[in-house]
Amino acid sequence: MKKVISLVLSSVLALSVLAGCAKTETPAETPAETPVETPAETPAETPAETPAEAGSIAKVGLGLVTSIGKSKDLAEGAATGQVDTVMVAAGFDADGKIVSVSIDTAQDKVGFDDKMQLTSDTAVAGKTKIELGDEYGMKAASKIGKEWFEQIAAFEAWMIGKTVDEVKGMKLVETVPDEEDLKTTVTIKVEGYIAALEKAYANAIEVEGAEKVGLGAEVSIAKSKSAEGENGALAQVDTTVVATALKADGTVAGTVIDVAQTKVAFDKDGKVTNDKAAAIKSKVELGDEYGMKPASKIGKEWFEQALELANWMKGKTADEVAGMKITEGVPAEEDLTSTVSIKVAGYMAAFAEAAENAK
């Protein structure tokens, strides 16, 4: 009898052990299936949809920052009126990220001799740093062996995909980038470029269907004057700048026009009379202060007329814009005669350049 009981107890214990083993297999199966299947499906679907809308240009902006700080009083037989205008054209997506950006600088010097007579040829159009290319001459003095246009291209590329706040938050040492991925490509000071980018975003207009943005500029010192009698010399630099956004078919999605009309005045002794540290406003920034409205035969301020011209360009190709009817430098198009009475040659040239440079 005892043997029978022992056999029964042994069988029960064996079954209990087998049952216990069966329970320990359940957790082994659950984690093996859950982590493998669930994450594999979720991440694969989510990122696949995000890039579809990312990168489309929702706004285009133009920013200008101008300085006369490097102008020099008459000394050792020469004086210089120097105007530096930094310009940025940028396209932003719906989240404010930079999709396209173009940076340039018009650095123009108007020279005078010991009698404050002009030594610069006022008939020669000024060139921007991008237009100068290797002629600008930075490469020889650069510790990384790169020309200005090469460094600015690297800086532009670094901006793509970032917001203005993210660009403003970049690491700087004495206004030079200290970001690890820029140390070998950018050694120029970037404070002015960031300030112009910030303006471009603040002033941006909405556009639809734009795929690229371009920057164009025309520079003239033609209105500069030598000293005459009690009237001191004047260095005047007019920098006309256009940012334009183009659709895939080449038609204009939106355009922004501005002018930095900058004057450096000298007294009869050849000293600069301007406050060199003062902020200089463009025509758009001046707004009603520019003072064209009272003298305008159509009763419109400069910024209003520039806006009408930009709106007229919308939906047209660069060739169609270039084909505008003009009489004595003023638009003769039926839908512009009552809204634009300013001469437009400079704006048209800057627009053509912007369309050609669009990226």
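The analysis underlying the following values was restricted to heavy atoms, covering all of them including side chains, and did not include hydrogens, waters or symmetry mates.
With no hydrogens or angles considered, a side-chain donor-acceptor pair links D104 and T128 at under 3.5 Å. Residues D113 and T119 have side chains that never bring a donor and an acceptor to within less than 3.5 angstrom of each other. Counting only N and O atoms by type, the side chains of T163 and D165 include no donor and acceptor under 3.5 Å apart. Between the side chains of S224 and T122, no donor-acceptor pair is found at a separation under 3.5 Å.
Clustering ILVMFWY residues whenever any of their side-chain heavy atoms sit less than 4.5 angstrom apart, transitively, puts V186 in the very cluster that holds W158. Under the 4.5 Å side-chain heavy-atom criterion for grouping Ile, Leu, Val, Met, Phe, Trp and Tyr, L234 is not connected to V264 through any hydrophobic cluster. Residues V60 and L309 do not share a hydrophobic cluster, clusters being chains of Ile/Leu/Val/Met/Phe/Trp/Tyr side chains in contact below 4.5 Å. Criterion: ILVMFWY side-chain heavy atoms under 4.5 Å apart, direct or through other members. Under it, L286 and M292 are part of a common hydrophobic cluster. Under the 4.5 Å side-chain contact rule for hydrophobic residues, V213 and M159 do not share a cluster.
Proximity of V207 to I57: side-chain heavy atoms (C-beta onward) are separated by under 4.5 Å at one or more points. By the 4.5 Å heavy-atom criterion applied to side chains, V252 and F351 are counted as neighbours. V124 places a side-chain heavy atom less than 4.5 Å from the side chain of D121. Between F155 and I194 there is a side-chain heavy-atom pair separated by less than 4.5 Å. At a threshold of 4.5 Å between non-hydrogen side-chain atoms, the residues P177 and M170 count as touching. Here the side chains of K212 and S100 are not in contact, with every heavy-atom distance at 4.5 Å or above. With contacts defined as side-chain heavy-atom distances shorter than 4.5 Å, the pair D134/F149 qualifies. F112 has its side chain out of reach of L74: every pair of non-hydrogen atoms, C-beta onward, lies at least 4.5 Å apart.
Counting all heavy atoms, side chain and backbone alike, A204 lies closest to K59 at CB-CB, 3.9 Å. When all heavy atoms are compared, the tightest approach of V242 to Y347 is CG2-O, 3.9 Å. Residues L197 and V167 come closest through the heavy atom pair CD2-CG1, 3.9 Å. Here the shortest heavy-atom pairing between I280 and T262 reads CD1-CG2, 3.8 Å. Of all the heavy atoms in L62 and A243, the pair that sits closest is CB-CB, 4.0 Å. Counting all heavy atoms, side chain and backbone alike, E191 lies closest to T175 at OE1-CG2, 3.7 Å.
Considering CG of L172 and CG of D178, their distance stands at 8.0 Å, rounded to 0.5 Å. Going from atom NZ of K129 over to atom OH of Y136 covers 3.0 Å, rounded to the nearest 0.5 Å. The CD1 atom of I188 lies 11.0 Å from the CD atom of E150; values are rounded to the nearest 0.5 Å. Between L246 atom CG and K359 atom NZ the span is 13.5 Å, to the nearest 0.5 Å. Residue L118 holds its CG atom at 8.5 Å from CE of M116, rounded to the nearest 0.5 Å. From F266, atom CZ reaches atom NZ of K225 across 15.0 Å, with rounding to the nearest 0.5 Å.
Residue E228 places its CD atom among 12 or fewer non-hydrogen atoms of other residues, nucleotides or ligands, all under 6.0 Å distant. Atom NZ of K283 sits in a crowded spot, with more than 12 heavy atoms from other residues, nucleotides or ligands closer than 6.0 Å. For K343, the NZ atom is loosely surrounded, since the number of other residues' heavy atoms within 6.0 Å does not exceed 12.
Checking side-chain atoms of E320 against main-chain N and O of T317 turns up a donor-acceptor pair under 3.5 Å. The backbone N or O of S282 sits nowhere less than 3.5 Å from a side-chain atom of Q261 that would complete a donor-acceptor pair. Without hydrogens or angle criteria, E179 side chain to K171 main chain gives a donor-acceptor distance under 3.5 Å. With hydrogens and angles disregarded, a donor-acceptor distance shorter than 3.5 Å links the side chain of D93 to the backbone of D95. Side-chain N or O atoms of E353 include one that pairs as donor or acceptor with a backbone N or O of A217 at under 3.5 Å. With D258 contributing its side chain and V241 its backbone, the two residues share no donor-acceptor pair below 3.5 Å. Side-chain atoms of K300 do not come within 3.5 Å of backbone N or O of S296 as any donor-acceptor pair. With S71 contributing its side chain and Q82 its backbone, the two residues share a donor-acceptor pair below 3.5 Å. Proximity of a side-chain donor or acceptor of Q236 to a complementary backbone N or O of I221 within less than 3.5 Å is not detected. A donor-acceptor pair under 3.5 Å links the side-chain atoms of Q151 to the main chain of T187, judged by distance alone.
Taking the charged nitrogens against the carboxylate oxygens, K247 and E208 have no contact shorter than 4.0 Å, which rules out a salt bridge. K281 and E289 are joined by a salt bridge, as a carboxylate oxygen and a charged side-chain nitrogen come within less than 4.0 angstrom of each other. The pair E230-K268 meets the salt-bridge criterion, since a charged nitrogen lies less than 4.0 angstrom from a carboxylate oxygen.
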May I have the step-by-step check of side-chain contact (heavy atoms from CB on, under 4.5 Å) for V256 and I205, ending in yes or no?
CA-CA 8 Å; V256 183; I205 62 170; 4.0 Å; yes
Begin with the C-alpha distance, continue with both residues' side-chain angles, and end with the deciding distance and a verdict on side-chain contact (heavy atoms from CB on, under 4.5 Å) for Q305 and I298.
CA-CA 10 Å; Q305 297 194 43; I298 58 173; 3.9 Å; yes
List the steps and the verdict of side-chain contact (heavy atoms from CB on, under 4.5 Å) for V330 and T327.
CA-CA 5 Å; V330 176; T327 301; 5.8 Å; no
Derivation and outcome, side-chain contact (heavy atoms from CB on, under 4.5 Å), residues V88 and K199:
CA-CA 9 Å; V88 172; K199 282 188 178 185; over 6 Å; no
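The one candidate from D84, T80, V83 that meets the side-chain contact (heavy atoms from CB on, under 4.5 Å) condition with K70 is D84.
For the pair K314 and W312, the cation-pi criterion (under 6.0 Å, within 45° of the ring axis) is not fulfilled.
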